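Contents: one structure, followed by commentary.
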Amino acid sequence: MEPLIEVRGLAKTFTLHTQKGARIPVFEKLDLVVHAGECVALYGPSGCGKSSLLRSLYANYLPQAGEVLVRHRDARIDMVKAEPSTVLAVRRETIGYVSQFLRVIPRIPALEAVAEPLRALGTDAEAAGRRAADLLGRLNVPEGLWSLAPATFSGGEQQRVNIARGFVVDYPIMLLDEPTAALDADNRQGVVELILGAKERGAGVVGIFHDDEVREAVADRVFDLRDFAAAA
Amino acid sequence: MTEAGRSTATAGRSVGEAYNFAYLDEQTKRMIRRCILKAVAVPGYQVPFGSREMPLPYGWGTGGIQVTASIIGPDDTLKVIDQGADDTTNAVSIRRFFARVAGIETTDRTAEATVIQTRHRIPEHPMREDQILVLQVPKPEPMRYLEPRELECRKIHGFSEYGLMHVQLYEDIAKFGEITTTYDYPVMVNRRHLMSPTPIPKFDNPKMHRFPALQLFGAGREKRIYAIPPYTEVKSLDFDDHPFEVQTWDECCALCGAEDSFLDEVITDDEGGKMFVCSDSHYCGERRAAGHVGPMEGEDAPSFARPADQEADGS
Amino acid sequence: MTEAAPSPLLRVTGLTHRYGEIVACRDISFELFAREVLGVVGESGSGKTTLLNCCSAHLEPTAGRVEYDTRTHGLADVFGLREPERRMLMRTDWGVVHQNPRDGLRMDVTAGGNVAERLIMTGARHYGRVRGEATTWMDRVELELDRVDDPPKTYTGGMQQRLQIARNLVTKPRLVFMDEPTGGLDVSVQARLLDLLRGLVRELGIAAIVVTHDLAVTRLLADRLMVMRRGEVVETGLTDQVLDDPQNPYTQLLVSSVLQV
């Protein structure tokens, strides 16, 4: 079976023009293959480029070399070279991304923020709202908060709203950047179940999990970034 | 209406004064006649013309006078009215002006006149194909209030992008529940050009539609001439659900009892006494001569005071 | 690569505009697709407003082409259209939201009349329906309906801006040009306006070009970003990619100069 993600020869280097052109190499010659139903945990010390890789897979960062081939509909899209409109289509339908911090529009109620990715795919408001409510419930976000804008929520609540937003669509690919960092044990379990559920339905998951327990619960294998460290 | 230049020039001399016939020189008349022909050819379109200095100030009918001077001939009979009346200052001055510089007959009888110059009214008495109505125009551009740029106005006319006028009517209805524009009510001429009918009451607008006589419009200060040829379609703007309506009165004319003419409200004393009389003085007089009597005729009828409306705003 | 390479809504090719010796825009080319929002950022004097004016056919560029997917002729050079066609485009298929509401509103005409104008200009002649549509749009941009008969000169800046948006969207345009739509507004008012704009643009599937020097505005509104400097495009790409991983030195400076984009 063709992989969901195939990364070939990927390299990421930051050139800081505002700081005398300082170059910060992150990784190079990186290859990674992710199949359906598989969860890959990115591993390595802080600063080795776990987040940079995840962001490169999502086309949030622009790699300097290599390709990120993603199966989107019936085609393979290189996220590095794709047109912005294509990338946006891939993000709408194929790749879900849960960042470390919630970044939503001010003033929008939590329930609507969670439902938004589904609405963008054309799901009607009622069905999208039901799905969003279901997720918020499973993640123990108090129902009283659903109609409020998340800006005032606690860190853990915001994180769970963020996760709900990421899982509201059944994306074929999920990218998770420390989804459980701000959560207590009970809530971590809810997230683990969501991830296992995603694998079950055949999603490919790439994640950064600082919590060993969570990583052991969900990851099929560990991908060590240190093997691809770029020479400074 | 006029003969060839030479004969009118001769006629002018015969008046015994140093003026050319009808004051304007023959070249100017030719220029204005060409503009009139163009205006007739494109009904409702404002034709720019080389407006001359006249021996009256702008606002006293200089546009209308130049049009009249260009079309009038020695055999014509002229009637001049101001707000419907033949005996107001503006009307008297213009009538006297043409009697002097053209030596022509003047009249106050609508049926007898071949050319009628008017400010702010169309006569009540029906007009015929062999007559010409000349209207004095203060502001020829109907969209000026909403669109101050002349170039933009010309483009709107050129491309027939009318709509702004309806915004003004919208404003009327939004603010007052009905279209409150009562005079200078914009019309669409020949389904093509939006036109200011001059500050005639909207009561007169329906008369313009398929009017048998040629209607010419002269704006001296703004230097524009436009025209409505006989029997042209003239439609007052409106909304489907707020159709055009003319004003009506509960009263009839206090002097002649007319119920179908445009009435002026006349204050008769300092105690709030008032009466309504025909704005068209000739029409009213004719009816009274024929024996029609209004509610106040016969009793202590005031000495027929005309409204004090002689502010100069009719070019 | 994507769905059968659709034809663009707007295509700009080699656009250059000079004011005498000064080059305001130099050799700019890009395409805008239906339902896409393009942000144009750069500091004052970078040529972004000139570019917007050229694209919206308010200013004929010195060189280059601006083509738009007209309903009648397909992709056509907007400066090659007959003037009435171009003017028709401007009041139906396009909208312009000016930075200064005074440039986009009739300040002495009631708010309702301002919104009604474009409907009337396209032939609506039923007062009740025009008024109904106008109030519906006032409501959609969250303006109080009891202010419908007040002129915009009695409105606050934020209300004027929302009225301008209603006035433009009432004819359901496919492309809206916005020049600093939140410039000159209080921060709290800005956020509200941005929410509103974002919602309307997505909901109605409008394509837009948004010129601004405020990167936060583009983060919320734009799918794609074009960074301009001294009349040239120095970087272009997906909005979050340009903001989070800028490649060009000038873009890096621009992004790093902002507090928490």
Side-chain angles (χ1 to χ4, degrees), chain A residues 12-22 24 26 51-52 55-56 58-64 69-70 72-94 97 99 101 103-109 112-113 116-117 119-122 125 149 151, chain C residues 1-6 8-9 30-39 142 187-188 190-199 202-203 205 207 216 219-226 234-257 260-261:
Chain A
K12 180 66 203 159
T13 300
F14 291 103
T15 306
L16 306 179
H17 295 284
T18 51
Q19 291 171 44
K20 299 172 183 151
I24 304 175
V26 183
S51 272
S52 293
R55 284 165 176 258
S56 297
Y58 199 58
N60 178 230
Y61 279 2
L62 182 68
Q64 271 55 50
L69 300 171
V70 168
H72 170 64
R73 296 182 188 171
D74 296 326
R76 291 233 288 176
I77 306 288
D78 180 0
M79 294 293 279
V80 179
K81 299 228 164 52
E83 287 296 319
S85 54
T86 309
V87 172
L88 291 174
V90 171
R91 288 179 179 181
R92 260 196 310 274
E93 299 169 29
T94 305
Y97 179 75
S99 58
F101 303 104
R103 187 184 243 154
V104 289
I105 315 92
R107 229 172 55 124
I108 302 245
E112 255 178 65
E116 199 198 6
R119 300 277 291 124
L121 284 174
Chain C
M1 258 169 108
T2 91
E3 49 263 44
L9 193 61
F30 67 92
E31 289 183 342
L32 183 76
F33 292 86
R35 315 172 80 91
E36 191 180 32
V37 179
L38 172 70
E142 299 166 24
V187 181
S188 59
Q190 274 189 19
R192 192 169 167 210
L193 186 75
L194 280 174
D195 284 357
L196 180 76
L197 266 179
R198 187 173 189 274
R202 298 277 147 92
E203 185 184 334
R219 169 90 74 183
L220 274 181
L221 282 183
D223 301 318
R224 202 150 59 87
L225 217 54
M226 222 158 77
V234 296
E235 184 162 358
T236 174
L238 205 60
T239 301
D240 60 287
Q241 195 180 79
V242 171
L243 293 179
D244 293 340
D245 188 16
Q247 307 295 309
N248 181 274
Y250 175 72
T251 315
Q252 288 189 357
L253 182 70
L254 202 65
V255 170
S256 66
S257 310
Q260 286 184 346
V261 187

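Computed over heavy atoms, backbone and side chain alike; hydrogens, waters and symmetry mates excluded. Throughout, protein chains are lettered first and strands after them, A, B, ... in sequence-line order, and every chain is numbered starting at 1. All values derive from a computational prediction rather than experimental measurement.
The main-chain N or O of Leu225(C) is found under 3.5 Å from a side-chain atom of Thr236(C) such that the two form a donor-acceptor pair. The backbone N or O of Gln247(C) lies less than 3.5 Å from a partner atom in the side chain of Glu235(C), making a donor-acceptor pair. A donor-acceptor pair under 3.5 Å links the side-chain atoms of Thr239(C) to the main chain of Arg224(C), judged by distance alone.
With a threshold of 4.5 angstrom between heavy atoms, Thr15(A) approaches chain C through N, CA, C or O but not through any side-chain atom. The contact between Gln64(A) and chain C is made entirely by side chain atoms (from C-beta outward), counting heavy-atom distances below 4.5 Å. Contacts of Glu112(A) with chain C are absent, with no heavy-atom separation under 4.5 Å from either backbone or side chain. Looking at Leu253(C), both its backbone and its side chain come within 4.5 Å of chain A, counting heavy atoms on both sides. Only the side chain of Arg198(C) comes within less than 4.5 Å of a heavy atom in chain A; its backbone stays farther off.
In terms of heavy-atom pairs under 4.5 Å with chain A, the best-connected choice from Arg202(C), Arg192(C), Glu36(C) is Arg192(C). Ranked by heavy-atom pairs shorter than 4.5 Å toward chain C, the options Val87(A), Leu16(A), Leu88(A), Val90(A) are led by Leu88(A).
Residues meeting the ring pair (Phe, Tyr, Trp, His ring centres under 6.0 Å) test with Phe14(A), sequence neighbours left out: Tyr61(A). Applying the salt bridge (Lys or Arg N to Asp or Glu O under 4.0 Å) test to Arg119(A) and every residue at least two apart in sequence or in another chain returns nothing.
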Under the side chain to side chain contact (heavy atoms under 4.5 Å, CB included) rule, what do His17(A) and Tyr250(C) come out as? Steps first, then yes or no, please.
CA-CA 8 Å; His17(A) 295 284; Tyr250(C) 175 72; over 6 Å; no
